[in-house]
Protein chains: 2
Amino acid sequence: MSYTDQYIKEAEVRPSKRDELVRKALEIFYREGFHATGMDLLAAETGISKTTMFKHFSSKEELILAVLRLRDQEFRNCLFRRMEQAGRPRAQLLAMFDALSEWFGRPEFRSCMFIKAASEYPDPRHPIHAQSAEHKRLLFLQLQKIAADAGARDPDALARALLLLKEGAIVTAHLGHEADPAGDAKAAASIVLAAALDS
Amino acid sequence: MSYTDQYIKEAEVRPSKRDELVRKALEIFYREGFHATGMDLLAAETGISKTTMFKHFSSKEELILAVLRLRDQEFRNCLFRRMEQAGRPRAQLLAMFDALSEWFGRPEFRSCMFIKAASEYPDPRHPIHAQSAEHKRLLFLQLQKIAADAGARDPDALARALLLLKEGAIVTAHLGHEADPAGDAKAAASIVLAAALDS
DNA sequence: TTATAAATGGACCGATCGGTAAACTATATC
DNA sequence: GATATAGTTTACCGATCGGTCCATTTATAA
């Protein structure tokens with residue numbers, strides 16, 4: 001049973017404090033940072049008692065893992081649904097950058113939760129780091145499929161290049177002085193895409 | 001007096017425990033994380049007493065700022081020196097990705113310290129976050145100049161695109177399953193560069 | 001050798017950390 | 001109403017947190 005199946009199994013349980021906790025914790029961890037958010041602060045901000053937290057999760061890190069699973073699901077669902085709206089595969093690939101642009105424009109935008117998780121848990125063997133890497137791998141698989149559908153001669157390479165631009169745009173949007181990282185990324189993606197689809 | 005001038009002024013003071021501390025702290029913060037490294041642990045790992053640390057820096061965050069300044073200097077110096085070795089401006093731009101590839105292959109590689117700092121101090125107004133952003137801005141300025149020297153029609157846009165690929169490659173190298181993020185980025189950069197230099 | 005500056009060790013501070021346990025409250029079901 | 005379950009409050013735990021202070025030791029310069 002992969003971790004995705006595990007998440008589906010958990011979702012069969014009816015809405016509960018557990019779900020509420022994960023949802024709220026996601027927002028706070030994203031805004032403040034994982035280590036920088038203590039469990040007392042989390043209890044105060046979520047309105048959920050520490051006892052309840054530790055009833056549902058055996059440790060803070062287990063809670064973080066649940067948060068990452070939720071974020072992975074919602075992010076990939078939203079992103080690929082938004083891309084699908086663009087119609088044909090080629091347009092979908094470029095629409096990823098429109099989706100990024102919309103995300104960057106939100107007041108709560110603060111980079112990518114998985115980049116944050118990997119930064120705060122830098123050991124690749126740590127479960128939190130590993131789960132962040134898994135999110136990126138799933139992203140790649142989905143994008144590779146669309147690149148193949150778009151008729152790329154080398155869907156792997158194209159997907160990889162587009163993801164580089166995606167990650168670069170996220171970091172730059174969080175850290176740079178650039179006016180339109182998503183637009184810059186889209187422009188570069190257009191060039192790379194044209195080269196990848198030329199016969 | 002900009003922060004760069006401030007750093008130069010500090011460097012006029014002769015080698016000291018202070019410099020040793022900053023150098024060693026850089027390694028430990030980079031490996032373990034900022035919040036995850038307490039001052040007791042830092043003292044134990046650096047062999048420098050907490051009293052001495054607090055004699056030279058009024059707070060942990062001031063130490064972190066000094067660490068970031070050092071890292072900024074050494075990173076940009078090394079990167080641009082490495083690029084210069086490639087000769088002509090166009091080759092220099094592509095050599096950035098060779099430099100990245102060499103960096104990624106080092107056992108101590110764990111992403112970019114400034115991405116880490118921004119992740120752990122996500123508020124753009126925080127001095128640590130602001131200094132990380134400044135590092136990226138200085139990088140951009142230097143790259144823009146080389147792009148202009150290479151004859152790009154729009155040096156700004158080219159520099160921005162190349163930096164997107166650079167940041168994407170760093171994140172991917174730290175988080176992805178890809179075999180050669182720097183190589184992928186270089187391939188994409190070649191395509192973008194060709195388009196940018198075409199008359 | 002002596003004087004001075006720098007650094008250390010050790011103890012301390014109030015606060016927070018992740019986590020535990022018992023008594024109590026709220027809610028749903030029979 | 002009785003019972004079971006979920007959740008809360010409150011206090012607690014040992015440990016660590018960033019930071020302070022003083023007596024002592026070490027390093028450096030003359």
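Basis for what follows: all heavy atoms, side chains included, without hydrogens, waters or symmetry-related copies.
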How long is the line joining [atom1] of [X] and [atom2] of [N], in whole Å?
X	N	atom1	atom2	result
A:Glu20	D:dA6	CD	C1'	13 Å
A:Met53	C:dG18	CE	P	10 Å
B:Arg18	C:dA6	CZ	P	14 Å

Exercise. Start with the C-alpha distance between A:Arg81 and A:Glu84, add both sets of side-chain angles, then the distance that settles salt bridge (Lys or Arg N to Asp or Glu O under 4.0 Å), and finish with yes or no.
Key: CA-CA 5 Å; A:Arg81 197 179 325 132; A:Glu84 274 171 10; over 6 Å; no
Distance test, side-chain N/O of [X] to OP1/OP2 of [N], below 4.0 Å:
X	N	value
B:His56	C:dA7	yes
A:Thr52	D:dG7	no
A:Lys55	C:dT20	no

Protein and nucleotides 17-20 of chain D: nitrogen or oxygen contacts under 3.5 angstrom:
{"unit_1": "D:dG18", "atom_1": "OP1", "unit_2": "B:Lys60", "atom_2": "NZ", "d": "2.5"}
{"unit_1": "D:dG18", "atom_1": "OP2", "unit_2": "B:Met39", "atom_2": "N", "d": "2.5"}
{"unit_1": "D:dG19", "atom_1": "OP2", "unit_2": "B:Lys60", "atom_2": "N", "d": "2.5"}
{"unit_1": "D:dG19", "atom_1": "N7", "unit_2": "B:Lys50", "atom_2": "NZ", "d": "3.1"}
{"unit_1": "D:dG19", "atom_1": "O6", "unit_2": "B:Lys50", "atom_2": "NZ", "d": "2.8"}

Exercise. Check the pair B:Leu63 / B:Leu42 against side chain to side chain contact (heavy atoms under 4.5 Å, CB included), numbers first and verdict last.
Key: CA-CA 11 Å; B:Leu63 171 59; B:Leu42 202 57; 3.5 Å; yes
Which atom pair, heavy atoms only, marks the closest approach of [X] to [Y]?
X	Y	answer
B:Gly151	B:Leu197	C-CD2, 3.8 Å
B:Ala99	B:Leu79	CB-CD1, 3.7 Å
A:Ala169	A:Pro181	O-CB, 3.7 Å

Quiz prompt | ILVMFWY network linking B:Ile191 to B:Leu165, side-chain heavy atoms under 4.5 angstrom | solution =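 They do not share one cluster, since no chain of ILVMFWY contacts under 4.5 Å joins B:Ile191 to B:Leu165.
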Please write out the pairs of protein N or O atoms and N or O atoms of nucleotides 13-15 of chain D separated by less than 3.5 Å, giving the distance to one decimal.
none

Self-check item: Qualifying side-chain hydrogen bond (donor to acceptor under 3.5 Å, both in side chains) pairs, either residue in residues 20-36 of chain B, two or more places apart
Solution: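 Those involving residues 20-36 of chain B are B:Glu20-B:Lys24, B:Arg31-B:Glu45, B:His35-B:Glu120.
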Quiz item: Taking the side chain from A:Gln144 and the backbone from A:Asp156, do they hold a donor-acceptor pair closer than 3.5 Å?
Solution: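 No: the side chain of A:Gln144 does not pair with the backbone of A:Asp156.
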